[in-house]
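Please read the structure below before turning to the comments.
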Amino acid sequence: MKKKLWMQGLVIGSLVLVAATGCGQKEQPLNPGASSATTEPVQTVSPTPVPTTSVKPSPSPSPSPEVNEKSVKAYYSDPDLTKIVEKTVKISYKNEGDKYKSTLEALKKSVDEQAVSLFEDVQFQNVKFDKEELKIDLKLGQNAQFGAGGEMFFVEALEKTLFQFPEVKAIYLTKDGSQVESLMGHVDLPYPIKRK
């Protein structure tokens, strides 16, 4: 019985050895210059079908909204902070909702030396108009801290600038996301500021 198992193991091992050494080797002629009379079998491989996916053309991008331009009044201070100065500026915006933010951004810079911006160091973080109410969240930088007179002009310039739009009936002004009694600690801030 041992002899029979040994013989079977030897035969199986030999077959594995022959199969392993013969796999993947190409038959080469003994004499490379002579042509061989035997032909190699040609393997035919049928291609596996590739699933086709229909490529849908991407929709052409919709034309970007037209940029609107409008002349609006913007209010600044005189160089001595003694009075409000009105200037007409051009704003650009894509849709009606952006008109208010664009107007507020125009308050941040002045091209006239006699009109000083009170809003240069102010960030308008959120501006939203909904049903006659304009909600503005702002952040005041260090250079946007004024005394009582400067704060009064700041609020007045904001009111005059935004109430030029007849659809705005009330302004809800918040500072850093919170309702405050005063923006800079000197002038009471009504909530909301209503058109007079």
Side-chain angles (χ1 to χ4, degrees), residues 57-196:
S58 60
S60 60
S62 58
S64 58
E66 208 174 289
V67 175
N68 299 307
E69 285 193 354
K70 182 174 186 157
S71 291
V72 296
K73 294 176 187 171
Y75 294 86
Y76 305 95
S77 171
D78 68 329
D80 300 325
L81 283 176
T82 57
K83 63 181 179 177
I84 294 288
V85 178
E86 177 186 302
K87 293 290 177 184
T88 301
V89 297
K90 277 196 183 242
I91 60 167
S92 299
Y93 56 96
K94 289 186 178 180
N95 60 48
E96 267 316 288
D98 293 339
K99 168 175 68 175
Y100 309 105
K101 175 116 185 199
S102 185
T103 302
L104 290 168
E105 290 295 328
L107 292 174
K108 295 173 83 171
K109 50 193 168 289
S110 172
V111 293
D112 186 351
E113 290 179 11
Q114 297 304 311
V116 178
S117 172
L118 298 167
F119 298 86
E120 191 172 353
D121 199 17
V122 175
Q123 292 177 12
F124 298 103
Q125 298 178 344
N126 192 9
V127 178
K128 183 180 177 188
F129 180 75
D130 186 36
K131 298 179 185 170
E132 301 181 342
E133 298 175 345
L134 187 59
K135 296 177 181 174
I136 303 168
D137 183 41
L138 53 82
K139 181 179 184 80
L140 301 176
Q142 287 184 318
N143 293 329
Q145 301 295 327
F146 303 108
E151 183 177 359
M152 188 173 68
F153 286 151
F154 183 96
V155 174
E156 184 180 343
L158 193 66
E159 284 181 36
K160 285 184 171 187
T161 300
L162 295 172
F163 284 137
Q164 72 183 300
F165 301 110
E167 65 272 18
V168 177
K169 304 290 186 211
I171 303 168
Y172 288 81
L173 196 59
T174 57
K175 179 180 173 185
D176 298 320
S178 300
Q179 179 183 343
V180 291
E181 291 180 11
S182 175
L183 288 174
M184 300 169 203
H186 308 291
V187 177
D188 288 337
L189 183 67
Y191 191 84
I193 303 170
K194 294 186 177 181
R195 180 184 291 274
K196 296 173 187 162

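Along the sequence shown, residues are numbered consecutively beginning with 1.
For an aromatic pair to be called close, the ring centres must be under 6.0 Å apart, and Phe154 with Phe119 satisfies this.
Side-chain atoms of Ser102 and Asp98 form no donor-acceptor pair, as typed in the model, at a separation below 3.5 Å.
No donor-acceptor pair closer than 3.5 Å links the side chain of Ser77 to the backbone N or O of Ala115. With hydrogens and angles disregarded, a donor-acceptor distance shorter than 3.5 Å links the side chain of Ser117 to the backbone of Leu107. Proximity of a side-chain donor or acceptor of Lys169 to a complementary backbone N or O of Pro166 within less than 3.5 Å is detected.
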| task | Given side-chain contact (heavy atoms from CB on, under 4.5 Å), test Leu118 with Tyr75 step by step and report yes or no. | result | CA-CA 9 Å; Leu118 298 167; Tyr75 294 86; over 6 Å; no
What verdict does the side-chain contact (heavy atoms from CB on, under 4.5 Å) test give for Asp121 and Leu140, after you've listed the backbone C-alpha separation in whole Å, the side-chain angles of each residue and the deciding distance to 0.1 Å?
CA-CA 6 Å; Asp121 199 17; Leu140 301 176; over 6 Å; no
Determine, stepwise, if the pair Phe165 / Thr103 fulfils side-chain contact (heavy atoms from CB on, under 4.5 Å).
CA-CA 11 Å; Phe165 301 110; Thr103 302; 3.5 Å; yes
Between Ile136 and Leu162, is a side-chain contact (heavy atoms from CB on, under 4.5 Å) present by the stated rule, with each step listed? CA-CA 11 Å; Ile136 303 168; Leu162 295 172; 3.4 Å; yes
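Sequence neighbours left out, the pairs with a member in residues 124-147 that pass ring-ring contact (aromatic ring centres under 6.0 Å, His included) are Tyr100-Phe129.
Lys99 and Ile91 get closest at one heavy-atom pair: O-CD1, 3.8 Å. Between Val168 and Phe163, the shortest heavy-atom distance links the atoms O-CD2, 3.5 Å. Closest non-hydrogen pair, Gln164 versus Lys73, comes out as NE2-O, 2.7 Å. Taking both residues in full, the closest heavy atoms of Gln145 and Gly141 are given as NE2-O, 3.7 Å, listed atom of the first, atom of the second, then distance. Heavy atoms only, all atoms of each residue included: Asp137 and Asp176 are closest at OD1-N, 3.3 Å. Across all non-hydrogen atoms, the minimal contact from Ser92 to Val67 is CB-CG1, 3.9 Å.
With rounding to the nearest 0.5 angstrom, the CG atom of Leu189 is 10.0 Å from the CE atom of Met184. The distance from atom NZ of Lys87 to atom CD of Gln114, rounded to the nearest 0.5 Å, is 8.0 Å. Note that CG of Leu134 and CG of Leu158 are 8.5 Å apart. Values are rounded to the nearest 0.5 Å.
Residues Glu151 and Ser182 are in side-chain contact: their nearest non-hydrogen atoms beyond the backbone lie under 4.5 Å apart. Asp80 has its side chain out of reach of Val116: every pair of non-hydrogen atoms, C-beta onward, lies at least 4.5 Å apart. Residues Leu173 and Leu183 have side chains in contact (heavy-atom distance under 4.5 Å, counting atoms from C-beta outward). Counting heavy atoms from C-beta on, the side chains of Asp130 and Lys135 never come closer than 4.5 Å. No side-chain heavy atom of Leu104 sits less than 4.5 Å from a side-chain heavy atom of Leu138. Lys101 has its side chain out of reach of Tyr93: every pair of non-hydrogen atoms, C-beta onward, lies at least 4.5 Å apart. When side chains are defined from C-beta on, Glu120 does not count as touching Asn143, because their heavy atoms never get closer than 4.5 Å. Put simply, the side chain of Lys196 reaches to within 4.5 Å of the side chain of Glu159, judged on heavy atoms.
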